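Remember, predicted model here, so these are calculated numbers, not experimental data.
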Amino acid sequence: QVQLLESGGGLVQAGGSLRLSCAASGRTFSRYAMGWFRQAPGKEREFVAVITWNGDTTYYADSVKGRFTISRDSAKNTVYLQMNSLKPEDTAVYYCAAARGSGYYTGVGDFGSWGQGTQVTVSS
């Protein structure tokens, strides 16, 4: 497994931007698809975005498509989530996750390693 540590959350006004980072350590970062999930109070954890192990393929939830961008830097063992045009409904704890394999994955159960989460709050 890999160890994951998120950073970059905070408070931002609607329409603003944030960039989340997730630093990975432990096992070979390049063998893992990397994903972002979020969980709002009283709601289930939901898929946000995923990038394949080689960075060739990305996939997004409909709710963030066109506003969020996931990327990875293998030299730094880091995955990013650039969030633009933020809305109050984007408010949640955001989690980074790793899934061993060459595909892309969207289910919570597909991911074996998780970070501790970082809070994103968007004010109206």
Side-chain angles (χ1 to χ4, degrees):
Q1 291 189 350
V2 293
Q3 289 75 50
L4 305 172
L5 182 64
E6 303 97 334
S7 61
L11 174 64
V12 64
Q13 289 188 335
S17 298
L18 282 175
R19 188 177 80 156
L20 305 183
S21 299
C22 173
S25 61
R27 293 298 186 104
T28 306
F29 178 68
S30 62
R31 296 179 182 174
Y32 291 82
M34 299 298 297
W36 287 96
F37 289 75
R38 66 187 182 186
Q39 189 167 17
K43 295 187 177 182
E44 293 187 352
R45 193 168 298 189
E46 65 174 4
F47 167 78
V48 173
V50 66
I51 187 167
T52 50
W53 66 277
N54 59 1
D56 282 357
T57 302
T58 58
Y59 185 74
Y60 299 91
D62 287 344
S63 58
V64 307
K65 200 172 296 182
R67 300 188 297 123
F68 290 11
T69 302
I70 188 171
S71 61
R72 65 190 296 160
D73 184 337
S74 294
K76 296 182 178 180
N77 280 9
T78 301
V79 63
Y80 304 97
L81 186 68
Q82 178 66 44
M83 306 186 294
N84 299 329
S85 302
L86 283 161
K87 305 176 181 179
E89 50 264 44
D90 294 318
T91 295
V93 177
Y94 282 71
Y95 296 90
C96 174
R100 183 74 179 264
S102 59
Y104 70 88
Y105 312 95
T106 62
V108 171
D110 295 327
F111 291 80
S113 299
W114 294 84
Q116 86 292 345
T118 185
Q119 177 71 46
V120 171
T121 303
V122 184
S123 63
S124 57

Drop me the distance from S71's OG to R19's CZ, to the nearest 0.5 angstrom.
-> 7.0 Å

When rounded to the nearest 0.5 angstrom, what is the spacing between CZ in F68 and CG in L20?
-> 8.0 Å

Under a 4.5 Å cut-off applied to non-hydrogen side-chain atoms, are E46 and R38 in contact?
-> yes

More than 12 non-hydrogen atoms from neighbouring residues, nucleotides or ligands closer than 6.0 Å to CD on E44, yes or no?
-> no

Side chains of C96 and W114: closer than 4.5 Å at any heavy-atom pair?
-> no

Which pair of heavy atoms, one from S17 and one from N84, lies closest together, and at what distance?
-> OG-OD1, 2.9 Å

Return the minimal non-hydrogen interatomic distance between T91 and A40, and the atom names on each side.
-> O-CB, 3.8 Å

Mind checking ring-ring contact (aromatic ring centres under 6.0 Å, His included) for W53 and listing every partner two or more places apart, or none if nothing turns up?
-> none

Test salt bridge (charged side-chain N to carboxylate O under 4.0 Å, His left out) applied to R45 - qualifying residues, sequence neighbours left out | none

Does M34 belong to the same Ile/Leu/Val/Met/Phe/Trp/Tyr cluster as V48, with side-chain heavy atoms less than 4.5 Å apart forming each link?
-> yes

Could you tell me whether the side chain of L11 reaches within less than 4.5 Å of the side chain of Q119, counting heavy atoms only?
-> no

What residues form a salt bridge (charged side-chain N to carboxylate O under 4.0 Å, His left out) with K65, not counting sequence neighbours?
-> D62

Same cluster (ILVMFWY, side-chain, under 4.5 Å), V120 and L4 = yes

Looking only at heavy atoms, the pair that brings E6 and Y94 closest together is OE2-O, 4.0 Å

Hey, any chance L86 and V93 share a hydrophobic cluster, counting ILVMFWY side chains that come within less than 4.5 Å of each other, even indirectly?
-> no

Determine whether I51 and Y32 make a side-chain contact, defined as any pair of heavy atoms from C-beta on separated by less than 4.5 Å.
-> no

Do I70 and L18 share a hydrophobic cluster (ILVMFWY, side-chain heavy atoms under 4.5 Å, transitive)?
-> yes

Just wondering, do M83 and V64 contact through their side chains at under 4.5 Å, heavy atoms?
-> no

For D73 and F29, work out which heavy atoms get closest and say how close.
-> O-CE2, 4.2 Å

Measuring from L81:CG to T118:OG1, what's the distance to the nearest 0.5 Å?
-> 11.0 Å

Sequence-distant partners of R72, salt bridge (charged side-chain N to carboxylate O under 4.0 Å, His left out), two or more places apart = none

May I ask you to test the W36-V79 pair for a side-chain heavy-atom distance under 4.5 Å?
-> yes

Under 3.5 Å donor-acceptor pairs involving side-chain atoms of residues 104-113, not counting sequence neighbours:
| residue | atom | partner | partner atom | Å |
| --- | --- | --- | --- | --- |
| Y105 | OH | G103 | N | 3.3 |
| D110 | OD2 | G107 | N | 3.0 |
| S113 | OG | V2 | N | 3.4 |
| S113 | OG | V2 | O | 3.4 |

Return the minimal non-hydrogen interatomic distance between V50 and A33, and the atom names on each side.
-> CG2-CB, 4.5 Å

With Y60 via ring-ring contact (aromatic ring centres under 6.0 Å, His included) - residues at least two apart = none

Okay, side chain of T52, backbone of T57: is any donor-acceptor separation there less than 3.5 Å?
-> yes

Between atom CD of Q13 and atom OG of S124, what is the distance when rounded to the nearest 0.5 Å?
-> 9.5 Å

